[in-house]
Amino acid sequence: HRYSFWNTCTDPKLKRGYAGTAVLTATRPASVTFGFSDDEAPEIEGRVITLRFKDVAVICSYTPSARVDGPRYQHRLDFDRRLANHARAVRTEMPVFMCGDFNVAHTDQDCPDDADIPLELKGFSRSPQERAGFDAIITAAKAQDSHPVQANGKHQFSWFKEPTGVSQRAGLGMRLDMILIPIEFTTISFNIVHNTTCSDHRPVVVVAHNNNANNQRHTKALLSQALV
């Protein structure tokens, strides 16, 4: 990749490296912005990068995770609201791809059945408010989930609570990492790379086609979580 763009946490109340996002691309964008473009307090946890290319924009985000009874839960809901507003504004200019760790199991397809979810995970990423916030993001971006419908009633999970593969083999994970594609596009191929066990997240790879294009070129969107 010829170009790379990084956004890191600069909040003095949080430790260095607490959060951040990065985009690697072979195509030079026309513009790059960091954080939100609104009148609220600056987003200083490094959670949003927006790249505008000739015909499409890419928003890379890392949504805060918080327990429903925790002190940062409202902060997380506010982030969803601001991200939806940001996507809506960018969408007025061009189609928008969105990718990242959205920290929400959007539907029951994206997590184990209630009886199988470990107790320590029950308070995260599954509340009606979090799911509604993600619905609002999809609507604002005029986008769609790139994940194809699964015959077994469950989506492929992208996150497991430890990286060694034990939870993955037991099917105890969630789908938190997603690529949203514009409604003008169609998913050509989709894959979550499950043979990577050096992170608790799994890379997501999508190839999408612009149905409105006059040629047959594909637009490829790649999401790869940082391995920590």
Side-chain angles (χ1 to χ4, degrees), residues 14 18-19 21 35-36 38 40-41 43 45 47-48 50 59-91 96-162 167-168 170-183 187 190 192 200-202 204 206 223 225:
L14 300 171
Y18 170 77
T21 46
F36 297 118
D38 57 23
E40 300 186 40
E43 199 293 300
E45 294 183 11
R47 294 184 178 274
V48 181
T50 303
I59 300 175
C60 175
S61 67
Y62 174 25
T63 301
S65 176
R67 293 189 62 89
V68 295
D69 57 353
R72 279 173 60 87
Y73 185 63
Q74 185 58 52
H75 170 71
R76 183 254 157 72
L77 298 182
D78 289 339
F79 183 93
D80 284 343
R81 172 184 54 79
R82 296 179 71 185
L83 183 59
N85 290 337
H86 180 64
R88 183 179 298 107
V90 177
R91 181 58 157 136
V96 178
F97 285 86
M98 301 188 70
C99 59
D101 176 3
F102 292 97
N103 263 315
V104 61
H106 185 213
T107 70
D108 288 344
Q109 290 180 290
D110 299 314
C111 56
D113 296 332
D114 282 344
D116 297 327
I117 294 179
L119 181 62
E120 66 270 22
L121 301 182
K122 288 185 180 292
F124 288 94
S125 304
R126 300 168 63 242
S127 71
Q129 294 85 354
E130 289 167 316
R131 289 179 170 181
F134 191 62
D135 282 331
I137 291 168
I138 294 174
T139 300
K142 295 183 180 179
Q144 59 188 320
D145 192 346
S146 60
H147 197 302
V149 176
Q150 298 293 292
N152 64 0
K154 291 290 185 183
H155 286 148
Q156 297 183 56
F157 298 154
S158 67
W159 174 87
F160 303 91
K161 67 186 183 71
E162 42 70 41
S167 295
Q168 179 175 316
L172 298 178
M174 294 185 183
R175 186 171 75 105
L176 307 179
D177 310 278
M178 306 180 206
I179 296 178
L180 306 180
I181 65 175
I183 57 176
T187 299
F190 177 94
I192 295 180
D200 54 350
H201 292 264
R202 304 296 186 257
V204 181
V206 169
L223 162 66
Q225 293 295 324

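Below, all heavy atoms of this structure are taken into account, side chains as well, without hydrogens, waters or symmetry copies.
Listed for the Ser61 side chain is no donor-acceptor partner under 3.5 Å among the backbone atoms of Val48. Using modelled atom types, no side-chain atom of Ser127 and backbone atom of Val68 make a donor-acceptor pair closer than 3.5 Å. Of the possible donor and acceptor atoms, one in the side chain of His147 sits under 3.5 Å from a partner among the backbone N and O of Gln156.
Between the CD1 atom in Ile179 and the OG1 atom in Thr187 there is a gap of 9.0 Å [rounded to 0.5 Å]. The distance from the CE atom of Met178 to the CD1 atom of Ile192 is 9.5 Å, given to the nearest 0.5 Å. Interatomic distance, CD of Gln144 versus CG of Leu180, reported as 9.0 Å (0.5 Å rounding). Between the CG atom in Leu83 and the OG1 atom in Thr50 there is a gap of 8.5 Å [rounded to 0.5 Å]. Atom CZ in Phe97 sits 6.5 Å away from atom CD1 in Ile181 (nearest 0.5 Å). The CH2 atom of Trp159 lies 10.0 Å from the CG atom of Leu172; values are rounded to the nearest 0.5 Å.
Partners of Gln168 under the side chain to side chain donor-acceptor pair (under 3.5 Å) rule, at least two apart in sequence or in another chain, are Arg202. Residues that satisfy the side chain to side chain donor-acceptor pair (under 3.5 Å) test with Asp145, not counting sequence neighbours, are Arg175. Remark: Leu77 pairs with Tyr73, Gln74, Gln129, Glu130 by the side-chain contact (heavy atoms from CB on, under 4.5 Å) rule, at least two apart or across chains. Qualifying side chain to side chain donor-acceptor pair (under 3.5 Å) partners for Thr107, counting only residues two or more places apart in sequence or in other chains: Asp110. Glu43 meets the salt bridge (charged side-chain N to carboxylate O under 4.0 Å, His left out) test with no other residue; sequence neighbours excluded. Remark: Asp135 engages His106 in a side-chain contact (heavy atoms from CB on, under 4.5 Å) (not counting sequence neighbours). Judged as a side chain to side chain donor-acceptor pair (under 3.5 Å), and not counting sequence neighbours, Ser146 has no contacts. Legend: residues meeting ring pair (Phe, Tyr, Trp, His ring centres under 6.0 Å) with Tyr18, ordered by chain and number and at least two apart, are absent. Here Asn85 pairs with Arg81, Arg88 under the side-chain contact (heavy atoms from CB on, under 4.5 Å) rule; sequence neighbours left out. Every residue two or more places apart in sequence or in another chain that forms a salt bridge (charged side-chain N to carboxylate O under 4.0 Å, His left out) with Arg91 is listed here: Glu184.
Across Ala140 and Ala84, no two heavy atoms sit closer than the pair CB-O, 3.2 Å. Minimum heavy-atom separation, Met98 to Ala141: SD-CB, 3.7 Å. Of all the heavy atoms in Ser158 and Asp177, the pair that sits closest is OG-OD2, 2.6 Å. Phe124 and Ser65 make their closest contact through CD2-OG, 3.4 Å (heavy atoms, listed as atom of the first residue, atom of the second, distance). Listed here is the closest heavy atom pair of Thr21 and Arg47: CG2-O, 3.6 Å. When all heavy atoms of Pro148 and His155 are compared, the pair lying nearest together is O-CD2, 4.0 Å.
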In sequence, state the C-alpha distance, the side-chain angles, and the governing distance for Phe36 and Phe79, and then conclude on ring-ring contact (aromatic ring centres under 6.0 Å, His included). CA-CA 10 Å; Phe36 297 118; Phe79 183 93; 5.3 Å; yes
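Between Arg131 and Asp108 there is a salt bridge, since at least one side-chain N of the basic residue sits less than 4.0 Å from a carboxylate O of the acidic one.
Annotation: side chain of Arg76 is in contact with side chain of Thr63 (closest heavy-atom distance under 4.5 Å).
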